[in-house]
Amino acid sequence: MFERPRYGERAILVSITMTRLAEQPSPEEFAELAHSAGVTIVTQVSGTREVPDPKTFVGRGKLSEIEALVQELTAEVVLFNHALTPGQERNLERALQCRVVARTGVILDIFAQRARSFEGKLQVELAQLKHLSTRLVRGWTHLERQKGGIGLRGPGETQLETDRRLITERIKFINKRLSKVSQQRELGRKARHRAQLPIVSLVGYTNAGKSTLFNRLTNANVVAASQLFATLDTTLRRVTLPDKKTLILADTVGFIQQLPPDIIAAFRATLDETRQATLLLHVVDANDPERQWRVEQVNQVLADIGAAEVPQFILYNKIDCLDDCLARCERNSEGRVTKIWLSARSGAGIDLLYDALSEQLNQDKVRRCVRVPVQAGELRARLFAETTVLREQYAENGDSLLEIQISAQHFAQLVKSDPRLQPITDI
């Protein structure tokens, strides 16, 4: 039985085109993933099949070709740009006598390297354990042995069963910890909702420039690099627009073609910031020849997490990399902003984005006049904190007469929650 090596950095990449599948994984993107994972690519293997081989995914001839390359180039790991079943992974390792890692494993490895926050590390570990739990099928020779020794003789428990039980227990433990973190996030969400702070979430394909734009808008120092999944941890910052409107900007994990389900499940609590956002800023690399296809991939992931109905602007970023491309704003037939061309690096078009955000966030606002009793100082302070006060005058008895700009829903909630707030026709 083959003992799996614990590491390997010299890699062979395998991408097979399946003619019966409409969607084919990109070999170029997979090479970027491999570089992001830190491996050295010694060669790439391609081929064509109608359907995967049930035992080894590739046919006998292609398997022999890969085996010869492993020996010739002293490769330590073979990376497949595909999802492999546990059986296929095991059979390939036995035939090639080296580690075999599927696309999901590569992405999980990158996530493990990039996670920085406590929550992010827990989410990555959860995804890794769920992936590993499906692969405990005699991948190592020791897993089928029974434990022995004093107190453990007899029927005992095989090492395979022990590992499966330990993984299950660890998954339960992580889920409990993530549940507590999720409760803390929910408290923060409720506080922002009470303060009527809109959440604007940055989404997009990985390496589209989301973190660079986030840093530009917030003066933050989130890691921004030209590589896949440079940042994983969701970051929230308060942004004040030129018209004094305040919002919360969220930088989220980038998406990718065929994002593993375990990753989506593990990061679901983080992705709640996207699903519950007031507006999505869908960042697209304008210099990418496949940008429209990537837009469709991101929209598919948004649909998977329940965020398809959230309004969005498409931001074509990196116009500084295009010839004769000026910053501009595009609108639909109803006059609403749909697309903005800008550069997060140079700052071109950022003023257009600010104007579009102010327009979008104020479109549901109404003007109302109210009377606040002189004794209700805390209510007056609340109105100044949660609404835009356009005018203030004072009645003869000292009551404040305010003209405010506020969403109709929020105004109804205020009147219902505090009877001291008296709507009036004019001031």
Original post:
Would you say the side chain of T387 lies within less than 4.5 Å of the side chain of Q405, judging by non-hydrogen atoms?
Top reply: no
Original post:
Which distance, rounded to the nearest 0.5 Å, do you find between the OH of Y354 and the CD1 of I340?
Top reply: 12.0 Å
Subject >> Test item: L279 and F313 side chains (from C-beta on) under 4.5 Å apart, heavy atoms >> reply: yes
Original post:
In Å, rounded to the nearest 0.5 Å, how long is the span from CG of L92 to CD of E67?
Top reply: 11.0 Å
Subject >> side-chain hydrogen bond (donor to acceptor under 3.5 Å, both in side chains) against R345, all qualifying residues, sequence neighbours excluded >> reply: D320
Original post:
What residues, two or more places apart in sequence or in another chain, satisfy salt bridge (Lys or Arg N to Asp or Glu O under 4.0 Å) together with E169?
Top reply: R165
**OP:** Start with the C-alpha gap between L69 and V78, add the side-chain angles, then the distance that decides, and say whether side-chain contact (heavy atoms from CB on, under 4.5 Å) holds.
**Re:** CA-CA 10 Å; L69 288 171; V78 177; over 6 Å; no
Original post:
Between the main-chain N or O of E330 and the side-chain N or O of T338, is there a donor-acceptor pair closer than 3.5 Å?
Top reply: yes
**OP:** Using a 4.5 Å cut-off on heavy atoms from C-beta on, say whether the side chain of K245 contacts that of P198.
**Re:** yes
Original post:
So, does E93 use its side chain to make a donor-acceptor pair with the main chain of R90 at under 3.5 Å?
Top reply: no
Subject >> L202 and L280, any side-chain heavy atoms less than 4.5 Å apart >> reply: no
Original post:
Sequence neighbours excluded, which residues qualify as side chain to side chain contact (heavy atoms under 4.5 Å, CB included) partners of S358?
Top reply: L241, D243, N362
**OP:** Run the numbers on R103 and E29 for salt bridge (charged side-chain N to carboxylate O under 4.0 Å, His left out), then give the verdict.
**Re:** CA-CA 11 Å; R103 178 186 175 88; E29 183 178 85; 3.1 Å; yes
**OP:** For residues A348 and A327, report the shortest heavy-atom separation together with the two atoms involved.
**Re:** C-CB, 4.1 Å
**OP:** Side-chain contact test, heavy atoms from C-beta onward, threshold under 4.5 Å: evaluate it for I66 versus V14 and give yes or no.
**Re:** yes
**OP:** Applying side chain to side chain contact (heavy atoms under 4.5 Å, CB included), name anything that partners C325, two or more places apart in sequence or on another chain.
**Re:** I319, L322, R328, W341
Subject >> Flag side-chain contact, heavy atom, 4.5 Å: I174 against L129 >> reply: yes
Original post:
Can you name the residues that form a side-chain hydrogen bond (donor to acceptor under 3.5 Å, both in side chains) with E378, not counting sequence neighbours?
Top reply: R420
**OP:** State which residues pass salt bridge (Lys or Arg N to Asp or Glu O under 4.0 Å) with R60; sequence neighbours excluded, sorted by chain then number.
**Re:** none
Original post:
R10 and V42: which non-hydrogen atoms are nearest, and at how many Å?
Top reply: NH2-CG1, 3.4 Å
Original post:
From L126 CG over to R177 CZ, what is the distance, rounded to the nearest 0.5 angstrom?
Top reply: 13.0 Å
Subject >> I171 side, atom CD1; L166 side, atom CG - distance, nearest 0.5 Å >> reply: 11.5 Å
Subject >> Partner residues of N299 under the side chain to side chain contact (heavy atoms under 4.5 Å, CB included) criterion, sequence neighbours left out >> reply: H282, V295, L302, Q312
Subject >> N91 side chain vs G87 backbone, donor-acceptor pair below 3.5 Å >> reply: yes
Original post:
With a 4.5 Å limit on heavy-atom distance, are the side chains of Q97 and V70 in contact?
Top reply: no
Original post:
Which heavy atom of S201 sits nearest a heavy atom of A277, and at what distance?
Top reply: CB-CB, 3.9 Å
**OP:** Assess whether salt bridge (charged side-chain N to carboxylate O under 4.0 Å, His left out) is satisfied between R99 and E89, documenting all intermediate values.
**Re:** CA-CA 9 Å; R99 281 185 62 85; E89 200 170 295; over 6 Å; no
Original post:
Sequence neighbours excluded, which residues qualify as side chain to side chain contact (heavy atoms under 4.5 Å, CB included) partners of D288?
Top reply: D285, E290, R291, R294
**OP:** Output all residues satisfying side-chain hydrogen bond (donor to acceptor under 3.5 Å, both in side chains) with E65, sequence neighbours left out; order by chain, then residue number.
**Re:** K62
Original post:
Step by step, would you call I404 with L390 a side-chain contact (heavy atoms from CB on, under 4.5 Å)?
Top reply: CA-CA 5 Å; I404 61 176; L390 303 175; over 6 Å; no
Original post:
Shortest non-hydrogen contact from C98 to A75?
Top reply: CB-O, 4.4 Å
Original post:
Does a side chain donor of either S211 or D251 reach within less than 3.5 Å of an acceptor in the other side chain?
Top reply: yes
**OP:** Give, for atom OG1 of T104 and atom CG of L84, the distance between the pair rounded to the nearest 0.5 Å.
**Re:** 8.5 Å
**OP:** Only counting residues at least two apart or in another chain, list the ones meeting salt bridge (Lys or Arg N to Asp or Glu O under 4.0 Å) with E50.
**Re:** R20
Original post:
At their closest point, which heavy atom of N317 faces which heavy atom of G209, and how far apart are they?
Top reply: ND2-CA, 3.6 Å
**OP:** Look at the side chain of E9 and the backbone N and O of V77, then say whether any donor-acceptor pair between them is shorter than 3.5 Å.
**Re:** no
Subject >> Interatomic spacing from CZ in R216 to CG in L213 - rounded to 0.5 Å >> reply: 9.0 Å
Subject >> Residues in salt bridge (Lys or Arg N to Asp or Glu O under 4.0 Å) contact with R336, at least two apart in sequence or another chain >> reply: none
Original post:
Which pair of heavy atoms, one from A303 and one from A308, lies closest together, and at what distance?
Top reply: CA-CB, 3.9 Å
Original post:
Can you list the steps and then say if V284 with Y205 is a side-chain contact (heavy atoms from CB on, under 4.5 Å)?
Top reply: CA-CA 7 Å; V284 180; Y205 213 79; over 6 Å; no
Original post:
Side chains of V106 and F80: closer than 4.5 Å at any heavy-atom pair?
Top reply: no
Original post:
Stepwise, does the side-chain contact (heavy atoms from CB on, under 4.5 Å) test hold for T274 with V310?
Top reply: CA-CA 9 Å; T274 300; V310 180; over 6 Å; no
Subject >> All side-chain hydrogen bond (donor to acceptor under 3.5 Å, both in side chains) counterparts of Q300, not counting sequence neighbours >> reply: D304
